[in-house]
Structures are given as C-alpha cells and as structure tokens.
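Okay, so here's the structure we're looking at.
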2 protein chains.
Amino acid sequence: MARKRFDDSSCSVARALNEVGDWWSLLVVLHAMYGTRRFVDFQQELGIARNILCDRLARLVDNEVLKKVDVGEHGSRFEYRLTEKGRDLFPIVIALRQWGDKWNPAPDQTPLDLRDRETGRTIRQVEVQDADGHPLTVRDVFVPEGNSASEHKASESKKKAG
Amino acid sequence: MARKRFDDSSCSVARALNEVGDWWSLLVVLHAMYGTRRFVDFQQELGIARNILCDRLARLVDNEVLKKVDVGEHGSRFEYRLTEKGRDLFPIVIALRQWGDKWNPAPDQTPLDLRDRETGRTIRQVEVQDADGHPLTVRDVFVPEGNSASEHKASESKKKAG
DNA sequence: TAATAGGGTTGCATTTTAAAACCAGATTCA
DNA sequence: TGAATCTGGTTTTAAAATGCAACCCTATTA
C-alpha cells in the first residue's frame, strides 16, 4: 500500500518529516545551501533519477522550501532557490552533518570544518540550549502539563520512564 | 528498482540520512525520547505497520541508535532504549520540531513548550552558532579550501553563487 | 483449559523508486 | 536552413518498499 503521509498529524515533527523527511529532499536542500540552483546540477551532483528529482523539486516548491525562478537565460532555464523557510533548515542540516561526522565518520575524509565567514573560526556543535545558552540533553527537559503537544505522553510520566 | 542507499557516500549528511532519514525512523527515535520503549507502544502511538516497525527497530539497533534489552518481565518482553548515539539525535529532533511549529503550525495546537527541568524556563531555538555562541545563517559560513568535504563545491566558488 | 498479551513473521496487493528512453522548446553550430 | 545541443522535463518498465491482515509462538492470567 501507499506510504503513509503525515500532513494532518498533530505532531509537528511528523509534519516536518512529511515535507523534508524522505531520502532525497534534505540532500536537495543541502546542495541548494551549497549554491546549486539548476535541475541538471542537482541531478549530476546527487545522482538522483530525473523523475524523482522532478517530483522532489515540485514538492519542495509546493511546500515553499524552494521557489522556482525563470531566469530566461539560454532559452528555457529555471533556478530553484531556497526560500526563508528553506534556509531555516540550516540548523537541521548542519546538526545531521555533525551527527554523521561524529558517529559514522568516513575513514578517508576529515569532518566538515565549517567556519564563520567573518572571523574564520570554526562553528560550534549544534545543541539544544537553555535560556542562558547552556547545553541540555534529552534528560534535562520536560513538557509542562497542559501543553497540547504532550498529548502523547511527552513528559516522562510513566512508571518506567526516567 | 531499489531505493538508493548512501552507506558509503562521502557525504556525512547522506550517511546520516541512510540511518535515520526515512519516514519512520526519526519518529521512532522521537517517541523513544518521550519514554516509549516497547514494541506495542511504538506500534500504537505511531500507527505504523508491524512489519515496518520490526524492520525499523532492527535497523536502528543495527546502527546502534537503539539497543534491544530483554527485561524478562511477563514472559518474553523486550525494551528498545536509546544509546548515546541515539540520544545525540536530540538537537536534530528538536530542530525539526521547532521548524515544523514555525512553518507548519497546527491550527488547534500550541507549539511544543519544552522547558529546562532545573529552572523551568523555555529552551532556546536550536541554531548554528559561531565560537562565541552568536547565531549564524547559511550565508555567514564557508568551507576552508582544502577541506575534503568541499569536494562537491561546498564553498560558493561558482560564478552564480552568492 | 481457554483467553489474552507481547513480539514478532508471512502473504499479498498497492505504491514508490531507479534507470533509461523519449519529448519539446530554445540556442548554437555548420 | 538544418542538425546537434542544452535544459527541463515525461513515460515506460521492473524491482523494492509499504500497509494490512492473518498467522505463529511463548508466557501469563482467568
């Protein structure tokens, strides 16, 4: 049967994954962040099937992660550019990259060394922080009672949790 | 044909997505962070097909995101618990949730209000930061020349980029 | 002894995916 | 003028992945 979709899920993670949670979409967004804008470039860099790329680009445009711009250069030529919504995926993509570098390092590759354009210094590890900027783990947080997002037992209120 | 896998991709984002980049895996991890540990609970909370859940749990265990523990309670009973590698997905899950809340808010739902267990204060937005903790956008960073991760034109060196 | 719970596996129909071939408008080349 | 090329797709076909339901086995409870 068809893959399940989460358009109307009450869970915002599910709704997010519905837009960028498949095998290709985040890689398309990643390459868009690297500067790729054209169909053929995405296709060659990603090695993705053309029909799948069509589908993903259209879906990302539908979801306003990308916008399709006719730049009218050399005949029919379009560019796919990140919207603000798309650029807002930056922390997610970087966190994924750091996680991959940490837990599945490629033997023949130094991890990505991303630097601040102004100072030239290496960026921080992406982390969840408290109001003061101190790092928090999953065990350091809770969902206050009454928050509708806690419907599916978000807080660790079960006997075995903790 | 088969879906493409990225096990040996030189891109750490692709390798990360290979482990948790499908429709269900990150939702399983999310619920594990909420405290879910047992097969039937995952199945009921997620509404996932049992064979698919089997496959995903096994894959996550293979990839050491979860570990399977025989707690020998009430006969055959196992628990799936997050490993350190799995807990390390916390920033990614939270960033996804914040992105979903921001760009696809559910009309009938207040966004997740996650709080610091110690102070009770709301957590920060997950962001990419420079060495001093100041937020950075995708336009504020670059990949230094010579970094092997820049092979696929990570730095914006093309004529049209910028 | 039967019913039930936990944790799966198996079969089968439906979708998705990948690969390659094909298509159509615009442009450059000869 | 006409052929080749570039760009951005659509179509076709076969292999996987998915969802659903039914089945299986162990252990516990009624």
Side-chain angles (χ1 to χ4, degrees), chain A residues 1-7 9 14 17-28 31-32 36-62 66-81 158-160, chain B residues 1-9 14 17-28 31-32 36-63 66-81 158-160:
Chain A
M1 282 229 169
R3 198 201 53 225
K4 236 171 209 181
R5 305 308 284 249
F6 307 109
D7 307 65
S9 170
L17 289 174
N18 197 46
E19 295 192 359
V20 296
D22 69 303
W23 295 97
W24 289 114
S25 294
L26 269 182
L27 288 177
V28 169
H31 280 248
T36 303
R37 291 181 170 181
R38 280 165 37 213
F39 186 91
V40 286
D41 290 336
F42 282 115
Q43 211 253 309
Q44 283 169 18
E45 289 166 18
L46 292 168
I48 183 177
R50 299 167 71 90
N51 51 352
I52 303 301
L53 177 58
C54 267
D55 179 84
R56 291 302 179 275
L57 288 172
R59 183 121 53 98
L60 289 169
V61 169
D62 276 353
L66 297 177
K67 59 186 175 230
K68 185 173 180 175
V69 180
D70 184 348
V71 293
E73 185 186 301
H74 303 307
S76 69
R77 179 178 294 228
F78 301 97
E79 284 188 357
Y80 294 89
R81 297 185 196 164
K158 292 181 64 181
K159 62 178 193 311
K160 311 204 51 163
Chain B
M1 282 231 167
R3 198 202 53 225
K4 233 173 209 181
R5 304 309 285 250
F6 307 109
D7 308 65
D8 55 352
S9 169
L17 290 173
N18 196 46
E19 296 192 358
V20 296
D22 70 302
W23 295 98
W24 288 114
S25 294
L26 268 183
L27 288 178
V28 169
H31 280 248
T36 304
R37 291 180 169 182
R38 281 164 38 213
F39 186 91
V40 285
D41 291 336
F42 282 115
Q43 211 254 310
Q44 282 169 19
E45 290 166 19
L46 292 168
I48 183 177
R50 299 166 71 86
N51 50 352
I52 303 302
L53 178 59
C54 267
D55 180 84
R56 291 303 179 276
L57 288 172
R59 184 120 54 99
L60 288 169
V61 169
D62 275 354
N63 292 140
L66 296 178
K67 59 184 174 232
K68 185 173 181 175
V69 180
D70 185 347
V71 293
E73 184 186 305
H74 304 305
S76 69
R77 181 177 294 226
F78 301 98
E79 283 189 357
Y80 294 89
R81 298 186 195 163
K158 291 182 65 179
K159 63 178 192 309
K160 310 203 50 159

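A note on names: the letters A, B, ... follow the listed sequences, proteins ahead of strands, and every chain is numbered from 1.
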Starting at [atom1] of [X] and ending at [atom2] of [N], how long is that distance when rounded to a whole Å?
X      : N       : atom1 : atom2 : answer
I52(B) : dT16(C) : CD1   : C1'   : 13 Å
W23(B) : dG19(D) : CH2   : C1'   : 15 Å
Q43(A) : dA20(C) : CD    : P     : 11 Å
E79(A) : dG9(D)  : CD    : C1'   : 17 Å
L27(A) : dT17(C) : CG    : P     : 14 Å
L46(B) : dT18(D) : CG    : C1'   : 15 Å
N18(B) : dT17(C) : CG    : P     : 15 Å
I48(A) : dA20(C) : CD1   : C1'   : 15 Å

N/O (side chain, [X]) to phosphate O (OP1/OP2, [N]) under 4.0 Å:
X      : N       : result
R38(A) : dT7(D)  : yes
R56(A) : dT17(C) : yes
W24(B) : dG19(D) : yes

Heavy-atom closest contact ([X] atom, [Y] atom, distance):
X      : Y      : answer
R50(A) : F39(A) : O-CZ, 3.9 Å
R77(B) : D70(B) : O-OD1, 3.3 Å
S25(B) : R56(B) : OG-CD, 3.5 Å

Fit a plane to each ring of W23(B) and F6(A), take the angle between them on a 0 to 90° scale, and name the class: parallel (under 30°), tilted (30 to 60°) or perpendicular (over 60°).
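Answer is tilted, since the angle falls between 30° and 60°.
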side-chain hydrogen bond (donor to acceptor under 3.5 Å, both in side chains) involving D7(A) - partner list, sequence neighbours excluded
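Checked D7(A) against side-chain hydrogen bond (donor to acceptor under 3.5 Å, both in side chains); matches are N18(A).
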Return yes if some donor-acceptor pair links the side-chain N/O of Q43(B) with the main-chain N/O of I48(B) below 3.5 Å, else return no.
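Yes, Q43(B) side chain to I48(B) backbone: donor-acceptor pair under 3.5 Å.
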Sequence-aligned protein contact record of nucleotides 8-15 of chain C, with B where the base is within under 4.0 Å of a protein heavy atom and S where only the sugar-phosphate is:
BBBB-BBS
Distance check, rounded to the nearest 0.5 Å: T36(B) atom OG1 versus R81(B) atom CZ?
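Nearest 0.5 Å value for the OG1-CZ distance: 13.5 Å.
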